[in-house]
Amino acid sequence: MSEPLPRIKAYEDMGLGLFVHWGLFSQLAAGEWTELIHERPKAEYERLIETFDARDFDADDLVATAKEMGAGYITLTTKHHEGFFLYDTQGLSTFDAPHSAARRDLVAEFADACHRGGIKPFFYMATYDWHSPLYETDFDAYLEYLRKSVEILCRNYGEVGGFWFDGNWNKKEADWKLPELYGTIRNWQPDAIIINNTGLKNRGKIVDPEIDVTTYERHIAGEVNHGEPDGKYVAGEVSVTTNKHWGIAAGDLDYKSPRELIETIANARRAGANALVNIGPTAGGAIQPIQRNYLRLIGMWMRMAGTSVHTARPSATLVANGGIRDFALDDHDADGSDVSYLFVHDLAIVGNDNVTLGGEGSNLRSFTGATRPVAAISWLDNDQQVPFMQDVERGTLTVDANGFAYGTDWVIRVARITYR
């Protein structure tokens, strides 16, 4: 496999991103597809622009929350399928934030906050559009409308980390004129990542040579499709939301557990993909308290796991034995020496004679491919040494993965291996 381009390696090193679905739909708190699924009359729905005031949107708070979560980038819906732009389209459309009750360029606020906070701004752009009549009546004209809307984003908001397109799956056989669209990005933002969501039925599909990242909506099974061995290296990204909707849905109480979100992030890294965790702000643009708390819990785990979630990659040699969910990643220290990380699942808490919690005694986990002599293994959460046995000739490594100390449970525990 060829080496990743610098922009793709930098993207993979970020490891985790925050997805933000916010638009007119947020005022109805019934999910981002409410206009279409609930068959709301278009004229009535689009009058929501008159009450979209963004009174609670604080871009600096959003950036600070993403950084506390451990994210390296934020992907914001600059235009969802409803067709409403969160930025000043400079005469291209009046269906934008400066013509709403907000009277502000919200993408400018977002991009400026990202640049101040040292986090990469990514721009989600819906290609499937319910607002513009051109989408159904004159598709070529619509594509030029789309290209110009992207060019505005390229030219007016400083360095852009990436573009995240969504909707080509609605017209599967159409010529989307991707060379013109992607060429505009490469002209103005040559280092921007290009992503085009392939949807649930085509996870991991590479749809164009300019694509830098393949998408795996909701989950990934197996490994990332990095492209042909002699072709361009392509990264991967798993997107997941905290409940069943991407935009705010007040009636959706089916929130995932923090365990499931942490396992999704870890599983993405196991497969060699980034994880993109979504929130749906309120009508005014505030982060919902429950989602803020979820992001803080993820951030606690990310601070424990440290660089293992960023610069480490799927191990070329170490493989868990016996069908367990554990896995290994490989990395390098600052001095260039090799290190590996073991991600250990399904540990219990250590109790005592009075309270038995299941983590007492030995808990042996075995790996194959361990042909380099191990010097030491220690847990990242408390620096405690992990007992191990190794047979270098056979390439086997067995660790005694003792349970969590009483008062803690990291969901997935991470151990660091150093080599002789």
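Keep in mind it's a predicted model, so treat the numbers as computed, not measured.
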Practice item. Would you check, one step at a time, whether the test salt bridge (Lys or Arg N to Asp or Glu O under 4.0 Å) holds for Arg186 with Asp212? Key: CA-CA 12 Å; Arg186 291 284 173 247; Asp212 296 316; 2.9 Å; yes

Is NZ or CZ of [X] both nearer than 6.0 Å to the six-membered ring centre of [Y] and within 45° of the ring axis?
X      : Y      : value
Lys171 : Tyr128 : no
Arg40  : Tyr45  : no
Arg416 : Trp379 : no

Exercise for review: Please state whether the rings of Trp301 and Phe343 are parallel, tilted or perpendicular, taking 30° and 60° as the class boundaries.
Suggested key: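 Rings of Trp301 and Phe343: tilted, 30 to 60°.
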
Review point. Once the angle between the rings of Phe165 and Tyr182 is folded into 0 to 90°, is it parallel (under 30°), tilted (30 to 60°) or perpendicular (over 60°)?
Key: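 Rings of Phe165 and Tyr182: tilted, 30 to 60°.
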
With heavy-atom distances below 4.5 Å as the criterion, would you say the side chains of [X] and [Y] are in contact?
X      : Y      : result
Glu263 : Val411 : yes
Leu181 : Leu143 : no
Leu347 : Arg365 : yes
Ile74  : Lys120 : no
Thr51  : Gln27  : yes
Asn293 : Ile290 : no

Are the aromatic ring centres of [X] and [Y] under 6.0 angstrom apart?
X      : Y      : result
Phe25  : His80  : yes
His81  : Trp246 : no
His115 : Tyr157 : no
Phe57  : Trp22  : yes

**Study point:** Distance-minimising heavy-atom pair for Ala275 and Ala268
**Key:**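 Residues Ala275 and Ala268, closest heavy atoms: CB-CB, 4.1 Å.
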
Review point. If every non-hydrogen atom of Pro281 is compared with every non-hydrogen atom of His21, which pair is closest and at what distance?
Key: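 For Pro281 and His21, the tightest heavy-atom pair comes out as CD-O, 3.2 Å.
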
Point to revise | Pairs where residues 73-97 contributes a residue and the test salt bridge (charged side-chain N to carboxylate O under 4.0 Å, His left out) is met, not counting sequence neighbours | key: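 As it turns out, the salt bridge (charged side-chain N to carboxylate O under 4.0 Å, His left out) pairs with a partner in residues 73-97, which skip direct neighbours, are Lys79-Asp129.
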
With sequence neighbours excluded, tell me which residues meet salt bridge (charged side-chain N to carboxylate O under 4.0 Å, His left out) with [X].
X      : answer
Asp175 : none
Glu12  : Arg313
Glu50  : Arg47

Check: [X]/[Y] side-chain N/O donor and acceptor closer than 3.5 Å:
X      : Y      : answer
Tyr341 : Ser315 : no
Thr184 : Glu151 : no
Glu32  : His245 : no
Tyr135 : Asn170 : yes
Thr311 : Asp13  : no
Asn168 : Thr127 : yes
Thr241 : Asn278 : yes

What distance separates [X] [atom1] from [Y] [atom2], expressed to the nearest 0.5 Å?
X      : Y      : atom1 : atom2 : answer
Thr242 : Glu260 : OG1   : CD    : 10.5 Å
Asn363 : Asn402 : CG    : CG    : 8.5 Å
Phe327 : Asn267 : CZ    : CG    : 7.0 Å
Leu397 : Leu342 : CG    : CG    : 6.5 Å
Ile298 : Leu16  : CD1   : CG    : 7.0 Å
Ile412 : Ser308 : CD1   : OG    : 10.0 Å

Review point. Out of Tyr73, Phe19, Tyr11, which one pairs with Trp164 under the ring-ring contact (aromatic ring centres under 6.0 Å, His included) rule?
Key: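 The residue from Tyr73, Phe19, Tyr11 that satisfies ring-ring contact (aromatic ring centres under 6.0 Å, His included) with Trp164 turns out to be Phe19.
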
Any donor-acceptor pair under 3.5 Å from [X] side chain to [Y] backbone:
X      : Y      : answer
Tyr87  : Asn156 : no
Gln189 : Val160 : yes
Thr408 : Phe404 : no

Review point. Above 12 or not: heavy atoms from other molecules or residues under 6.0 Å from CD of Glu39?
Key: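 Open: at most 12 neighbouring heavy atoms sit under 6.0 Å from CD of Glu39.
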
Check your understanding: Should we say atom NZ of Lys148 is surrounded by more than 12 heavy atoms from elsewhere, each under 6.0 Å from it?
Key ->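 No, not enclosed.
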
Practice item. For His310, enumerate each residue passing the ring-ring contact (aromatic ring centres under 6.0 Å, His included) test, keeping only those at least two apart in sequence or located in another chain. Key: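 Expected list: none.
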
Point to revise | Non-neighbouring partners of Glu180 that pass side-chain hydrogen bond (donor to acceptor under 3.5 Å, both in side chains), sequence neighbours left out | key: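 Glu180 satisfies side-chain hydrogen bond (donor to acceptor under 3.5 Å, both in side chains) with no residue once adjacent residues are dropped.
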
Check your understanding: Is it true that Lys244 and Asp252 make a salt bridge, defined as a side-chain N closer than 4.0 Å to a carboxylate O?
Key ->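 Salt bridge absent between Lys244 and Asp252.
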
